*Asks:* 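Can you keep this structure in mind? I'll have questions shortly.
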Number of protein chains: 2
Amino acid sequence: MGSGTHPADAAGDPAAASETGPLRWDIIELLFFAYRDFVGDADHVLEAFGFGRAHHRVIHFVHRYPGLTVADLLEVLRITKQSLGRVLKQLLDEEYIVQRAGDQDRRQRLLFATAKGEALVAKLAGLQTDRITRALRGFDRSETEAVGRFLRAMIDRDDPDKVLEQLLDHNRSVAED
Amino acid sequence: MGSGTHPADAAGDPAAASETGPLRWDIIELLFFAYRDFVGDADHVLEAFGFGRAHHRVIHFVHRYPGLTVADLLEVLRITKQSLGRVLKQLLDEEYIVQRAGDQDRRQRLLFATAKGEALVAKLAGLQTDRITRALRGFDRSETEAVGRFLRAMIDRDDPDKVLEQLLDHNRSVAED
DNA sequence: CTAGATACGTCAATATGGCTGACATAAAAT
DNA sequence: ATTTTATGTCAGCCATATTGACGTATCTAG
């Protein structure tokens with residue numbers, strides 16, 4: 001209990017400072033509520049399709065990074081093959097995703113979203129985009145850019161997987177608008 | 001499928017625009033990764049205590065809003081009484097939280113974090129604060145403020161519960177530093 | 001060519017954390 | 001006195017995660 005780098009501050013004092021600065025209760029809680037409502041948008045739609053968040057994550061990344069292998073997906077989602085298996089099988093059966101054997105390595109299953117899959121992803125991304133656009137309304141260029149920079153800086157950089165690397169590279173090269 | 005306000009953009013074109021603007025794939029994915037790593041900080045510690053994320057959420061809000069009732073907590077966390085019951089019982093049994101009957105309404109169980117509970121919350125918040133502080137390093141006042149404004153604007157404002165109202169009010173009155 | 005490593009699929013068992021429905025108790029409100 | 005409210009609890013279901021084991025196809029190294 002005493003091993004933390006942040007000694008407990010006096011109870012009820014949100015601004016109690018330590019050598020490393022005050023605890024950021026504000027941002028911690030804002031992240032909780034913001035993410036809760038952010039994923040909530042998609043949840044309602046997914047329910048109507050008989051899917052859950054797990055399905056969303058899979059179809060999202062498959063759509064965004066076509067030709068993703070099963071192994072890639074496991075790294076990005078940080079789940080086990082068994083967990084992915086169940087969800088992926090449903091998406092394959094219902095034809096939101098198709099597989100193709102790898103060209104160089106025919107053991108690999110390259111994953112692609114079908115038109116049906118793309119439509120679902122776009123619908124979900126649309127809802128989330130609406131929320132983001134609303135939230136950024138009135139932000140000038142430097143403020144918008146700060147938000148992106150903050151989110152990128154919140155992500156662990158040690159052992160980035162293939163997808164994360166692409167995302168971070170892409171973000172660096174494209175100015176936000 | 002065709003009911004979305006956002007027609008599917010051409011596959012692979014992240015900047016395809018519709019009347020409502022381009023889909024914000026960048027922010028959508030950054031939020032996913034940022035939140036994943038943000039909660040990941042706490043997960044490792046929690047595991048050592050035999051707790052999960054559910055316990056963290058409960059002890060966190062009880063600590064931050066002392067005297068919170070069970071009903072309040074249900075609203076904030078948006079879970080059922082049965083789900084909360086299991087987790088709350090553990091935290092009570094292991095003395096991370098204590099209850100007290102309400103003063104006006106003795107049916108209510110007002111919840112308070114014990115010193116043990118506070119220490120755990122502070123430890124977890126410390127890890128998350130480190131990440132946030134690192135992410136905001138080099139941000140000037142207006143950039144930091146923009147991040148907070150963005151997160152607040154991402155949150156649903158219809159029927160805010162007691163805790164959320166406090167958080168949003170507090171944030172409005174206190175300049176970020 | 002054979003041996004081993006790798007990519008993937010799958011079976012079985014288990015845990016966590018959600019859910020619904022039903023019912024009980026104490027205390028407040030009418 | 002009755003009803004409503006705040007809470008607790010029992011029983012069972014579901015989604016999603018886990019570990020461990022094993023099978024098969026295919027690539028790679030010797």
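Note that the structure is predicted; figures quoted are calculated from it, not measured. Order of the sequence lines sets the chain letters (A, B, ...), proteins ahead of strands, with each chain counted from 1.
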*Asks:* Between B:Glu47 (CD) and C:dA15 (P), how many Å, whole number?
*Replies:* 15 Å
*Asks:* If you look at every strand shown and take non-hydrogen atoms under 4.0 Å, does A:Gly85 touch a base, only sugar-phosphate, or nothing?
*Replies:*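 No contact.
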*Asks:* Using a 4.0 Å heavy-atom cut-off, does A:Arg86 contact any base of the nucleic acid, only the sugar-phosphate backbone, or nothing at all?
*Replies:* base
*Asks:* Distance check needed: D:dT5 C1' versus B:Asp105 CG, whole Å only.
*Replies:*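 Going from CG in B:Asp105 over to C1' in D:dT5 covers 8 Å.
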*Asks:* A:Glu143 and B:Arg149: salt bridge (charged side-chain N to carboxylate O under 4.0 Å, His left out), yes or no, with the steps?
*Replies:* CA-CA 10 Å; A:Glu143 291 169 327; B:Arg149 205 146 39 86; 2.8 Å; yes
*Asks:* So does B:Arg107 reach the base of D:dT7 with its side chain, donor to acceptor, closer than 3.5 Å?
*Replies:* no
*Asks:* Between B:Leu73 (CG) and D:dT7 (C1'), how many Å, whole number?
*Replies:*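 For the pair B:Leu73 CG and D:dT7 C1', the rounded distance is 13 Å.
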*Asks:* Which nucleotide wins on minimum distance to the side chain of A:Arg57, given the candidates D:dA17, D:dC27, D:dT19?
*Replies:* D:dA17
*Asks:* Among C:dG9, D:dT16, C:dG17, which nucleotide sits nearest the side chain of A:Val70?
*Replies:* C:dG9
*Asks:* Please state how far atom CG in B:Asp43 lies from atom P in D:dT18, giving the value in whole angstrom units.
*Replies:* 12 Å
*Asks:* Side chain of B:Arg106: nearest nucleotide among C:dA27, D:dC27, C:dG18?
*Replies:*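 Side chain of B:Arg106 sits closest to C:dA27.
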*Asks:* What's A:Gln99 touching, base or sugar-phosphate or nothing? Going by heavy atoms closer than 4.0 Å.
*Replies:* sugar-phosphate
*Asks:* Please figure out whether A:Leu110 or B:Arg53 has its closest DNA chain C nucleotide nearer the 5' end.
*Replies:*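 Its nucleotide being nearer the 5' end, the pick is A:Leu110.
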*Asks:* Any idea which of D:dC27, C:dG17, C:dC19 is nearest the B:Ala54 side chain?
*Replies:* C:dG17
*Asks:* Let me see the working for A:Leu84 and A:Thr80 under side chain to side chain contact (heavy atoms under 4.5 Å, CB included), right down to the final yes or no.
*Replies:* CA-CA 6 Å; A:Leu84 176 60; A:Thr80 58; over 6 Å; no
*Asks:* Starting at CD of B:Glu75 and ending at P of D:dT7, how long is that distance when rounded to a whole Å?
*Replies:* 11 Å
*Asks:* Does the plane of the ring in A:Phe51 sit parallel, tilted or perpendicular to the ring in A:Phe49? Use 30° and 60° as the thresholds.
*Replies:* parallel
*Asks:* Provide, to the nearest angstrom, the distance between the CG atom belonging to B:Leu84 and the P atom belonging to C:dT16.
*Replies:*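 For the pair B:Leu84 CG and C:dT16 P, the rounded distance is 17 Å.
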*Asks:* For the pair made of CG in B:Leu88 and C1' in D:dT9, what is the distance, rounded to whole Å?
*Replies:*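 About 13 Å, once rounded to whole Å.
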*Asks:* Donor-acceptor pair under 3.5 Å: do we get one between B:Gln82's side chain and the base of C:dG21?
*Replies:* yes
*Asks:* Of the nucleotides C:dA28, C:dA7, C:dC19, which one has an atom closest to the side chain of B:Ile79?
*Replies:* C:dC19
*Asks:* Looking at C:dC8, D:dG8, D:dT19, which one has an atom nearest to any side-chain atom of A:Ala71?
*Replies:*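 Among C:dC8, D:dG8, D:dT19, the one nearest the side chain of A:Ala71 is C:dC8.
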*Asks:* Angle class for the B:Tyr35/B:Phe38 ring planes (parallel below 30°, perpendicular above 60°, tilted otherwise)?
*Replies:* tilted
*Asks:* Can you check the B:His55 NE2 to C:dG18 P distance for me, whole Å?
*Replies:* 10 Å
*Asks:* Is there, by distance only and without an angle test, a donor paired with an acceptor across the side chain of B:Lys81 and the base of D:dG8 below 3.5 Å?
*Replies:*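 When only heavy-atom distances are counted, B:Lys81 does reach the base of D:dG8 through a donor-acceptor pair under 3.5 Å.
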*Asks:* So, are A:Asp161 and A:Arg78 salt-bridged, with charged N and O less than 4.0 Å apart?
*Replies:* no
*Asks:* Specify the closest pair of heavy atoms between B:Phe139 and A:Phe150, including all atoms of both residues, with the distance to one decimal.
*Replies:*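 Where B:Phe139 meets A:Phe150 most closely, the heavy atoms are CZ-N, 3.7 Å.
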